[in-house]
Every structure is written in C-alpha cells, then in structure tokens.
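Some notes on the structure that comes next.
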Protein chains: 2
Amino acid sequence: MSSADRKAKKKEELKALILEASMKLFVEKGIEQTTIRNIADAIDYSIGTVYIYFKDKNAIFHALHTQCFAELGVQFRVLYDLNDPMERLKAMGKLYIQYAMDNPDKYDLMFSLKAPMEFLNDTQANEWEEGTASFEVLRTVVQECIMAGHFKGHRLEPLSYLIWGCVHGLCSLEIRARTKGVLLKNPDTIVADGYDEFLKLLDKQ
Amino acid sequence: MSSADRKAKKKEELKALILEASMKLFVEKGIEQTTIRNIADAIDYSIGTVYIYFKDKNAIFHALHTQCFAELGVQFRVLYDLNDPMERLKAMGKLYIQYAMDNPDKYDLMFSLKAPMEFLNDTQANEWEEGTASFEVLRTVVQECIMAGHFKGHRLEPLSYLIWGCVHGLCSLEIRARTKGVLLKNPDTIVADGYDEFLKLLDKQ
DNA sequence: CAAATAAAATGAACATTGTTCATTTTTCCA
DNA sequence: TGGAAAAATGAACAATGTTCATTTTATTTG
C-alpha cells in the first residue's frame, strides 16, 4: 500500500468516525443537541477538524440520512421472498411503518428534517438519489400490482405517491406529536390501526 | 371604563401587535429567521418587552398556530352547504390540501413544527385543543359517511386517522421538499394527482 | 399638585450555537 | 535531517434565545 493510499484510508476512517459519533449523538439526543462541539468532543478532535471532513452540519446530516436509507433498504430485502405483488406492497408499508416507529429520529431525518435537502440545495444537486431510488422501488411494486389486475382505473405515479403519502402521513403525525393530545381512544395503536384500515381499502381494489 | 380595564386592554393590544408582527415575519421568512430581535424591531419595542407578553419563542408560535387553525376553520365553513357527507368529506380534503399548498409555512406550523407542541409540554397541558377539535370535525363527517352506508367493515377512529394521515402525508412530503428531486413526471401536480387517486379509492367504498 | 408607589419597558449581559482561519503540530519525502 | 505539505487546532466572530438589574412611565395617594 502506497503512502497516498494509507493517507486516503486514514481520511476515510476519520470521516467514518465522525459519522459514527454523530449518529450516536443524533439518535440519543436529537438533531439540535448534536452540536459540532459535541461531535468533536466525542471523537477527541477539535471543532476545526470536523470542518475539514465535512463542509458544514448539513453535510454531516445528509451523510447520516444516506446511511439510514441503506439501513431501511436492508430491512426491505425480505420483501423479495413475496411473489404476490399485492402482498409485497402491503408488507412494504408495514416494514416502512415499523422502521419509522422503531427509529423516529432517523425517520424524521429521512423524510422531514430540512438538513439533508438543504445540503442538496447547497451542492446544486437537482436529484435526491435516495428518494428517487426508494420511490422507484415502490412504483415498481405498484406497477406489478396493476399488471396483476389491481387498481383498475388508477394512474401509476400518482397512485404510488398516494400510497407513500398515506404511510408517511400516519408516521409523521405520530412522530411530530400530533396524535398525543388529541384524546384518541387507542393512542398507542393508532398508527397500526390506521394502516389496517388502509389495507382494508386496498383489499377492495 | 376603569383604569384597570384600560390597562388590560392596552396589554391585549400589545400582545396582538406582537403576534401580528410575528406572523408577518414568519410567513415572509420562516420560523428560523423570525427572531425575537426581529419581532421587537418590527414593533419598535425592546427585546425584554416581548418576554413580558410571551414566556418564550414557543409561546409566540403556539399562539400563531392557534390563529392558523382559526383561519382554516373559516375556510371550512363552506362545507356545511354540502349535504351529502361523502361529498363533504371529499371537499374537506381538497380544502385542507388547498390551505397547505397556499400556506406551506402555516401548515408546517400546525402539523409539523415542534414549537407549538413544546409549548403544550412546558405548560403541562395534556390536550392539544386545536387538534382535538379538528379531528372531531373529521370524525363526525366520517361517522356520517358510515351511517349513510359507506366504509362497510371499517372502524371510525382508525379510518378517520387514516384519512387525515393520507392528506397530511401528501402535503407534508411536498412541503418538506421530498417530491422535488425525485424525478417525477408531473412534479407540479403530484399532490393534487395523488389526492385524485385517493378519491377514486373512496368512490369504490 | 407633589410625592410615593406600582407597572412597564429597557438593553446590556450571558450562554450556546455554527462557522472561519491564522497558527501550530505532525507527517513524509528528498 | 531539514523543509515542505498536510492535518489539526482553538481562539474569535456573529447570531441566537433568554434573563434581570436598572430606568422610565403611569397611577394612586396624601
């Protein structure tokens, strides 16, 4: 291994170390309590060093958001065991909600927080790769459902967006604390119960 | 009018003045750019004065969020002209989405931002009145739909939450910039198109 | 009307934040 | 071994929410 290679590897390792510490702090304390100083402290480096490896706080959180999409992708792998597209679609929604409820802050980072999108704006990216890839997975399943005779009279892309919107809405209202305080009869199961109603709707298609 | 009354009235007026300036700044520049200093400047008072009338920034934004619910409530009044509950439900969703698209920051404040809910936490309130009242309106319409023979086999409260979640999800993904960058065929109309698909689902019920 | 009291308004000061950059330290090769 | 390149440092800056001793204004009382 050449000297340059060793140096590049070390840089990558430190970058990974920063992300590891950031993720830990983020999951433990949320995005606002994850400060550059906290991160620097956690890895025993100075503030300035963090800025050598990441342009700013948004860049760190964009990298974390990318890791979360990879994590969700791993959990989605079991879906390929399901041959019936309709069953796959239903299971996908269930897994999506499960991930959101198990990892509310990570979900928030992926689908609500501004940091990752601001990073894309700053870097003049006109595509959100993680979003595009995920939506493509969903659209493909819906497409298969349509080809299997479901969703007559529906349009592929708007229908896919509706399905995404439904599961996202159920999760988002819960995570953003809009179900707490509404005096629901079963607040603890409202997200799962809501999804059950969605499945009933789909069953009639 | 007694002296005490005059004083109380003046206090209310200044409170309203603070809210008016806050709302203007918030709609123009967003929540992060609406600083206590900006508000104080806008009404020609000092920073400290703002803190006499509101406990903290969260208190201001909770008050603004309440005003937004009142505003949406006014727009919902036309719904009472519709006798068919299913038509009323559909129109309600359309109005809800319209409000969100016309007032993205206000919608964000009502259903996504943490400030109003943090205020409730701080004041040890265990009810979110605006949310309870709004959900009650929705649940009532859904109840009427059920009584009119729709949504056979569905449960009232979870179904109502699902419907709320659907329209919220469509709006939230758009407002939180998750549709931009996903390379949709019709990004400009995706929210309306998604809702159209939802209406098609409902029509089959 | 004048003095005393209460209420309201002030803004300097504090702790925290993200961020920058001149300086110091370390690394590495000739 | 010396010097250049790279990496790391942390003081400093501007901006934020918030507090509170002080000042100003309003009100009441003798």
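Below, each value reflects all heavy atoms present in this structure, side chains not excepted, and no hydrogens, waters or symmetry copies. Throughout, a chain's letter reflects where its sequence line sits, starting with A, and its residues are numbered from 1.
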(message) Using a strict heavy-atom distance below 4.0 Å, which residues from residues 14-41 of chain B are in contact with DNA chain C?
(response) L14(B), R37(B)
(request) Give one of base, sugar-phosphate or nothing for Y53(A), where a contact means two heavy atoms less than 4.0 Å apart. (result) sugar-phosphate
(request) Would you kindly give the OH-to-C1' distance between Y51(B) and dT18(D), to the nearest whole Å? (result) 5 Å
(request) Nearest whole angstrom, please: distance from the C1' of dT16(C) to the NZ of K57(B). (result) 14 Å
(request) Could you pull out all residues at least two apart from D203(B) that satisfy salt bridge (charged side-chain N to carboxylate O under 4.0 Å, His left out)? (result) K90(B)
(request) For K55(A), look at atom NZ and say whether over 12 heavy atoms of other residues, nucleotides or ligands are found less than 6.0 Å away. (result) yes
(message) I need the I175(B) CD1 to N103(B) CG distance, nearest 0.5 Å.
(response) 9.0 Å
(request) Please check the phosphate of dT9(D) (OP1 and OP2 only) for any side-chain N or O of S46(A) closer than 4.0 Å. (result) yes
(request) Could you work out which one of dA8(D), dA9(C), dG17(D) sits closest to the side chain of I52(B)? (result) dA9(C)
(message) Can you tell me how far apart CE (M86(A)) and CG (L199(A)) are? Round to the nearest 0.5 Å.
(response) 9.0 Å
(message) In this structure, how many angstroms lie between the P atom of dT18(D) and the CD1 atom of I47(B), rounded?
(response) 12 Å
(message) Checking H62(A) now: which residues fulfil ring-ring contact (aromatic ring centres under 6.0 Å, His included) with it, not counting sequence neighbours?
(response) H65(A), F119(A)
(message) For E197(B) and Y161(A), which I'm curious about, is there any donor-acceptor pair between the side chains at under 3.5 Å?
(response) no
